[in-house]
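Here is the structure we will look at, set down as structure tokens.
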Amino acid sequence: MYSLCGQGVIMALPTVFGVDPKILHGHFVTMVHQQQLRFSTRGRGTFDISQQVDEVIHNSGIKQGICQIFVHHTSASLILCENADPAVRTDLETFMKKIVPDGDSMFQHTDEGPDDMPAHIRTVLTQSSLSIPVDGGRDTLGTWQGIYLWEHRTHPHQRKITVTVMGE
Amino acid sequence: MVYQDTLQLSDHGKGAYEITDLVADFIKESSIRIGTCQLFIHSSSASLLIGDIADDATKNETAAFMAQLAPSSDNVDNKINDSMDAIPEDMRYALAQASLSIPVSNGKPAIGVWQGIFLWERSTDAEERKLTITVVGE
């Protein structure tokens, strides 16, 4: 058992719970392809990265499996969103501004400005990683689905994303 | 290769507990060098989140924000509907994640310098939570 203390530090080392860790399906042969993508954002807003992700899937040579997309930051996140009408993403931005107002007096973590703490909360409310199925060597997004990197800081930033494709 | 186990975590009630090191140890133990790691929490009043580890205020303020967005039932007029009791907790559950997925590179969790993995306990009482970790890769 792992014991967690109030300061967020693990207090004790593990003892065994249930059975020992299992290595399942030892014969399971899978291919793994991993690639990092870097994006320069122009400040707060959403950026369609569907095409870049699909290119990684294509480069992997994997025909069927799963693609995981992970963003290495706590003030930018990922969403799957409607891609036909840009107003949808403008409205999402408006909604977020309303529920997590910049400069809210309840926030103390403001060293980097009024958008600092709201950016962390927006990230928690959305996704740091997405998993999508791969079939026929392509992502299987719906026609109206797009993968977006959502920059939550008002200033431009460099953002790193790792894409991992696994399958056969 | 797939490496999986269910761990029992015991916490001290409401709060965010960092489990990044525990996950890193598990990945190391799996001997998997490249792939993905999925975490899944078997509870509806605890969640997983990736948060900022630079400043402790961040996690407290995230919790305060959630409390404001889905206020505790103490502030709800229960005469309207007794079942409202359960709603704030369910709301927070829906807003957070029961599972998280991170990439594995060089046998380590490939996460950002300021990213930490947290178990977010929302029950006031100390609880034991089951966490299943699955590492897939080669």
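Computed over heavy atoms, backbone and side chain alike; hydrogens, waters and symmetry mates excluded. Within every chain, numbering begins at 1; the chains are lettered A, B, ... in the order of the sequence lines, protein sequences first and strands thereafter.
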Once you round to the nearest 0.5 Å, how far does CD of A/Gln127 lie from CG of B/Leu100?
9.0 Å
Where does B/Val135 contact chain A at under 4.5 Å (heavy atoms): side chain, backbone, both or neither?
neither
Testing the basics here: between B/Gly137 and A/Met166, what is the closest heavy-atom pair and its distance to 0.1 Å?
CA-SD, 4.2 Å
Chain B heavy atoms under 4.5 Å from A/Thr126: which part of the residue, side chain, backbone, both or neither?
backbone
Contact summary for B/Pro103 and A/Gln34, nearest pair of heavy atoms
CB-NE2, 3.6 Å
Does the side chain of B/Phe65 reach to within under 4.5 Å of the side chain of A/Leu125, using non-hydrogen atoms?
yes
Can you tell which of B/Gly51, B/Ala57, B/Ala110 has the highest number of heavy-atom pairs within less than 4.5 Å of chain A?
B/Ala110
Part of A/His120 within contact of chain B (heavy atom distance under 4.5 Å):
side chain
Heavy atoms of B/Gln115 and A/Ser128 approach each other most closely as NE2-OG, 4.5 Å
Relative to chain A, which segment of B/Ser105 carries a heavy atom at a distance below 4.5 Å: side chain, backbone, both, or neither?
both
Would one find more than 12 heavy atoms of other residues, nucleotides or ligands at under 6.0 Å from atom CG of A/Leu141?
yes
B/Leu49, part contacting chain A, at a heavy-atom distance under 4.5 Å:
side chain
Identify the heavy atoms of B/Ile102 and A/Gln68 that sit nearest to each other, and give their distance.
N-NE2, 3.1 Å
Under 4.5 Å from any heavy atom of chain B, what part of A/Val165 do you find: side chain, backbone, both or neither?
neither
Using a cut-off of under 4.5 Å on heavy-atom pairs, state which of B/Ile34, B/Leu131, B/Val104 scores highest against chain A.
B/Ile34
Between A/Gln108 and chain B, with a heavy-atom cut-off of 4.5 Å, which part of the residue counts as in contact: side chain, backbone, both or neither?
both
Whatever's closer than 4.5 Å to a heavy atom in chain B on A/Thr123 counts as neither
Report the distance from atom CD1 of B/Ile111 to atom OG1 of A/Thr74, rounding to the nearest 0.5 Å.
10.5 Å
Rounded to the nearest 0.5 Å, the CG atom of B/Asp52 sits from the CG atom of A/Asp116 at a distance of 7.5 Å
Any chance you could measure A/Phe107, atom CZ, to B/Thr62, atom OG1, to the nearest 0.5 Å?
8.0 Å
If you take all heavy atoms of A/Met117 and B/Thr58, which pair is closest and at what distance?
CE-O, 3.1 Å
Shortest non-hydrogen contact from B/Gln97 toward A/Val124:
NE2-O, 4.3 Å
In Å and rounded to the nearest 0.5 Å, what is the CD1 to OG distance from B/Ile50 to A/Ser129?
6.5 Å
